[in-house]
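Worksheet for the structure shown next.
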Amino acid sequence: MELTGDIVLAAARARVWAALNDPQVLAACIPGCEAVEVVGPLEKTARVMVKVGPVRARFAGRILLADVVEAERCAMSFEGSGGAAGMARGQSQVQLSDEDTPEGPHTRLRYTVQASVAGKLGQVGGRMIDAAAKQMADQFFGAFQAHVAPVAAPAAEPLAAARSAAPEPIAPAQPAQAAGPSTQALSAARPPSSCAPAATEWLRVKWFALGALATALGVWVGARL
Amino acid sequence: MKSPQFDYCKPDSLEQVFSLLAQHGDDARILAGGQTLMATLNMRLSEPALLIDITGLKALGGIRVQGDRLYIGALATHTDIENSALVAQHAPLLAQAAPHIAHRAIRNSGTWGGSIAYGDPAAEWPCCLCALDGTVHLQGPGGARQVSATDFFLDLYTTALQPGEIVVGADVPLDSAADWVGFDELARRHGDYAVAGLAVAARFQGTLAQRVNLCFLGIGQIPLRARRTEALLAGKTLDAGTIEIAVASLKAELDPLPDLTHRADTKRHLATVLARRLLQAAHASRSAIPA
Amino acid sequence: MASFHTLHVEVNGQPQKRSVQPRQHLVDFIRNELGLKGSHLGCEHGVCGACTVEVDGRIVRGCLTLAVQTQGCKVRTIEGLSEDGDVRDLQEAFIRNNALQCGFCTPGMVMAAKELLEAKPDASREEVREWMSGNFCRCTGYHAIVDAICETLAERARKGQKVGA
């Protein structure tokens, strides 16, 4: 499957790059992420508990980074094993560019992912893989946006109220999730429903490989360390 | 494959259920019909520590008229609903949809509450509930609450259920003489997960459709009400011209996700095929009624 | 975590008491504990229908039913159904129409068809095909199975009319 995304984040490029490489940020933003570890200068591992419907699959992934241009772009290949559930592998490319707006420095983040999911999850869950990957991407970027631009969050609410337009909350109005420690993201007590409406409003991404999300974002962590 | 080890219990009170859920969190799973859960466990796509069998909770069963609604308890099986005279009379949309759910052996075990709690976008009950503007009844340690169907299904497999809560039932408005309902779905094999499905709930005055609720399954992350097209149809007669306008509107409004077997544009096309069929059937049916 | 539960269940008219693990599904219990090999396992996730058995008068997927869930229930397998003779005519129609070759799907087919005969005695061929969609067959190409069921339906209808019920 292929997934592409194009989002504008309300933060400067350097800040976005730093956050993308920060293991704590990633662990907090990747839905179900349990751990991110540096194995080598260009190699990382990540463990993510994927919860989609009745499925609970713990994916352990490995990411290899390449073609890194600081604060601009990088490419990575990844593979993750979900034990009895199956495997995921693929590659992705990420690009950051400046996007100047009247509200201050913004960054455009473009990514593409090509991935495949094999094994039981691919067979039985194949019908849902695309939708599930999209949901994980939505959740990740919703949390990530709230992290890199939390100051914007309180201001955004009166703006939404003044417009009295959309019934759904806009993306940044979810500071509680991203700001919390990674344990909050892992807690079974936090339902994903609370961030879904926000993420879907501003995100026009397509599909995201299940394993790709866990592994791809984890790798950027140590590569910069 | 065989499922992994787990403990099993069958509480005889809701309080026990809530206590166990609080104690075990996501490591405990609710077992009612088990038609989704057991398949998941057999494939080892989940390894819970404990299964909480709620089929001993008689209060969660039953199909009954309550005021101006038809209430169906969570433990009602798909076959119970398929065979129910009350459903045939008061919620004929559900009676039309029931035979499309998987196959008889699965319908004999699977439950109304289970289907609603999972909120699979290709499932029939969430779609029908949204078409009928039904209400989901939840209960947790903090008490009971109700959520309208269209507020209940939030995202893929994501509902308004809070941890520690369970679905105890759902109700729908009673069908009236002015209502027309229709359900259809397209699948490669009868009983497979549908590629696309549609539930229509319309209220007429003569042949004039005062409102037409269109809810699609298998098209989005959740049961999808085509609100823009619904607005176009309100107050119109569903003649050929109006139906074409609706189809054009749906083509613009629907943004289906592809899946393993069908592209997005195929799904969009199939959604319009269903819309044509059901809207034509609605019009023909209302036209046949003597003024 | 290997907790055992004491299961009391009636199978083919015989009360049984066994110690079972919660994870054991009904067909594994029937086959391995009770030695009744007529119920088969194909996919073990509810799709193929080979595991279809009867619990309290209704067909279920034996692979999606835990043995412990049948506490206090009456279970009937193809062996019991054959002994009881409820669908003798259907089984003979299967043989007449060559509706089984390897026989792997047959117990499930007969179980599913039994409930059709009860629930929809005037089913059309199309309705028979829809009802039986939940059972896979790799050998026969299905037509012979549908023929056998339709024949049985027709024969029962004719007999019903004769008796003037």
Side-chain angles (χ1 to χ4, degrees), chain B residues 1-10 12 24 27-29 31-56 77-80 82-83 98-111 114 185 187-193, chain C residues 1-5 7 20-28 32 41 43-73 108 111-116 118-120 126-136 142:
Chain B
M1 245 183 111
K2 308 298 175 187
S3 71
Q5 291 273 26
F6 49 80
D7 280 330
Y8 166 93
C9 67
K10 191 172 176 181
D12 46 29
H24 294 271
D27 257 346
R29 307 296 290 274
L31 175 66
Q35 302 302 281
T36 297
L37 181 64
M38 291 319 306
T40 306
L41 297 194
N42 286 356
M43 312 278 299
R44 300 222 170 181
L45 293 174
S46 177
E47 308 206 2
L50 171 69
L51 259 50
I52 305 169
D53 186 338
I54 60 169
T55 58
T77 65
H78 306 314
T79 298
D80 288 341
E82 191 179 352
N83 290 348
H100 290 275
I101 300 174
H103 306 106
R104 180 70 165 205
I106 290 164
R107 293 202 291 281
N108 283 341
S109 297
T111 64
E185 68 177 49
R188 291 166 84 185
R189 175 179 68 136
H190 178 87
D192 275 358
Y193 282 107
Chain C
M1 210 205 290
S3 59
F4 282 81
H5 291 239
L7 174 64
V20 299
Q21 286 192 347
R23 66 190 286 230
Q24 186 173 50
H25 60 57
L26 184 58
V27 174
D28 274 348
N32 301 339
L41 287 171
C43 71
E44 259 179 325
H45 62 276
V47 171
C48 76
C51 68
T52 308
V53 293
E54 184 194 74
V55 176
D56 285 347
R58 287 264 167 90
I59 53 169
V60 297
R61 296 290 202 230
C63 71
L64 298 184
T65 307
L66 297 174
V68 291
Q69 285 182 285
T70 61
Q71 187 76 258
C73 294
M111 275 286 165
K114 171 198 77 84
E115 188 151 323
L116 170 72
E118 290 163 2
K120 281 175 156 305
E126 187 58 37
E127 286 171 320
V128 170
R129 287 161 58 98
E130 276 188 8
W131 184 280
M132 299 303 292
S133 299
N135 292 73
F136 284 161
Y142 300 101

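Protein chains get the first letters and strands the later ones, always in sequence-line order, with residue 1 at the start of each.
Counting heavy atoms from C-beta on, the side chains of B:His103 and C:Ser133 come closer than 4.5 Å.
Looking at B:Leu51, only its side chain comes within 4.5 Å of chain C, counting heavy atoms on both sides. With a 4.5 angstrom heavy-atom cutoff, B:Leu37 does not touch chain C via any of its atoms. Using a 4.5 Å cut-off between heavy atoms, B:Ser3 touches chain C through backbone and side chain atoms alike.
Contacts with chain C were tallied for B:Asp53, B:Ile106, B:Asp192; B:Ile106 has the most, counting heavy-atom pairs under 4.5 Å. Here B:Arg189 is the residue among B:Met1, B:Arg189, B:Arg107 with the most heavy-atom pairs under 4.5 Å with chain C. For the options C:His25, C:Gln69, C:Gln24, C:Met132, heavy-atom pairs under 4.5 Å to chain B are most numerous at C:Gln69. Highest contact tally toward chain B, considering only C:Val47, C:Leu41, C:Thr65, C:Val68, is held by C:Val68 [criterion: heavy-atom pairs under 4.5 Å]. For the options B:Ala102, B:Pro4, B:Pro99, heavy-atom pairs under 4.5 Å to chain C are most numerous at B:Pro4.
The interface of residues 55-62 of chain C with chain B, defined by heavy-atom distances below 4.5 Å, comprises C:Arg58, C:Ile59, C:Val60, C:Arg61.
Distance CG/B:Asp7 to CD/C:Gln21: 10.0 Å, rounded to 0.5 Å. Taken to the nearest 0.5 Å, the OG1 atom of B:Thr55 stands 11.0 Å off from the CD atom of C:Gln71. In this structure, C:Glu127 CD and B:His190 NE2 are separated by 10.0 Å, a value rounded to the nearest 0.5 Å.
In plain terms, the two heavy atoms of C:Arg23 and B:Phe6 that are nearest each other are CA-CZ, 3.5 Å. Nearest heavy atoms, C:Thr52 versus B:Ala105: CG2-CB, 4.4 Å.
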- Item | Step-by-step side-chain contact (heavy atoms from CB on, under 4.5 Å) determination, B:Thr79 to C:Glu115 | CA-CA 12 Å; B:Thr79 298; C:Glu115 188 151 323; 5.5 Å; no
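Listed by first and then second residue, the side-chain hydrogen bond (donor to acceptor under 3.5 Å, both in side chains) pairs involving residues 34-51 of chain B are B:Arg29-B:Ser46 (not counting sequence neighbours).
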